[in-house]
Amino acid sequence: MSSPWNADRDAGGGGTVSGDEIAGLLRELKERSGLSYGVLAKRLHVSTSTLHRYVNGDAVPTDYAPVERLAGGARRSAGSPVRSRCSR
C-alpha cells in the first residue's frame, strides 16, 4: 500500500516515517488540542472512528490534509514535529 508518508523528510533526506511515529505525533497533537475525538473529527472532516484509528496507529492517513488541519488546529508552529518529519 502506497502512502505519502514514505516521502523524503527533508531536502537531504531519504528517511521514511513509520506508522507508529505518525500515530505518536497525531496523539500529541490531539492532546494539545484539548478537544474530544468527536469535536476534533468534525473539524478535520473525518469520522470519529477514523480519527481514533489514526491516533491509535490502527490506520495511517492516506492524505496529508487531515494531519495538516490537526497541526493547524493545535496551533502548532511551522516547525512542528509533523511538518518537520513529514514532507509532502
Side-chain angles (χ1 to χ4, degrees):
M1 178 166 91
S2 180
S3 171
W5 307 110
N6 292 329
D8 289 345
R9 290 188 195 188
D10 56 33
T16 59
V17 179
S18 72
D20 289 341
E21 188 174 8
I22 292 168
L25 295 169
L26 293 176
R27 189 175 310 110
E28 177 185 337
L29 291 172
K30 193 272 181 207
E31 290 171 4
R32 287 177 183 256
S33 77
L35 300 173
S36 69
Y37 279 100
V39 170
L40 192 55
K42 285 181 185 178
R43 290 186 181 183
L44 299 177
H45 309 289
V46 298
S47 71
T48 302
S49 60
T50 295
L51 177 59
H52 197 266
R53 285 192 299 269
Y54 291 167
V55 170
N56 286 330
D58 296 329
V60 175
T62 58
D63 183 17
Y64 190 80
V67 176
E68 190 169 47
R69 286 190 296 268
L70 179 55
R75 295 191 186 354
R76 299 297 305 222
S77 68
S80 76
V82 170
R83 288 193 180 268
S84 63
R85 294 182 191 174
C86 304
S87 64
R88 289 186 198 194

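Note that the numbering runs from 1 along the sequence shown for the chain.
What you find for Leu26 and Pro61 is that their closest heavy atoms are CD1-CG, 4.2 Å.
Between Pro66 and Thr50 there is no side-chain heavy-atom pair separated by less than 4.5 Å. Put simply, the side chain of Leu70 does not reach to within 4.5 Å of the side chain of Tyr54, judged on heavy atoms.
The line from CZ of Arg27 to CG of Asp20 is 8.5 Å long, rounded to the nearest 0.5 Å.
At a threshold of 4.0 Å, the pair Arg32-Glu28 counts as salt-bridged, since one of the basic side-chain nitrogens sits closer than that to a carboxylate oxygen.
A distance-only check finds a donor-acceptor pair linking the side chain of Arg69 to the backbone of Leu44 [under 3.5 Å]. With hydrogens and angles disregarded, no donor-acceptor distance shorter than 3.5 Å links the side chain of Lys42 to the backbone of Thr48.
When the side-chain contact (heavy atoms from CB on, under 4.5 Å) test is applied to Ser36, the partners found at least two apart in sequence or on another chain are Val39.
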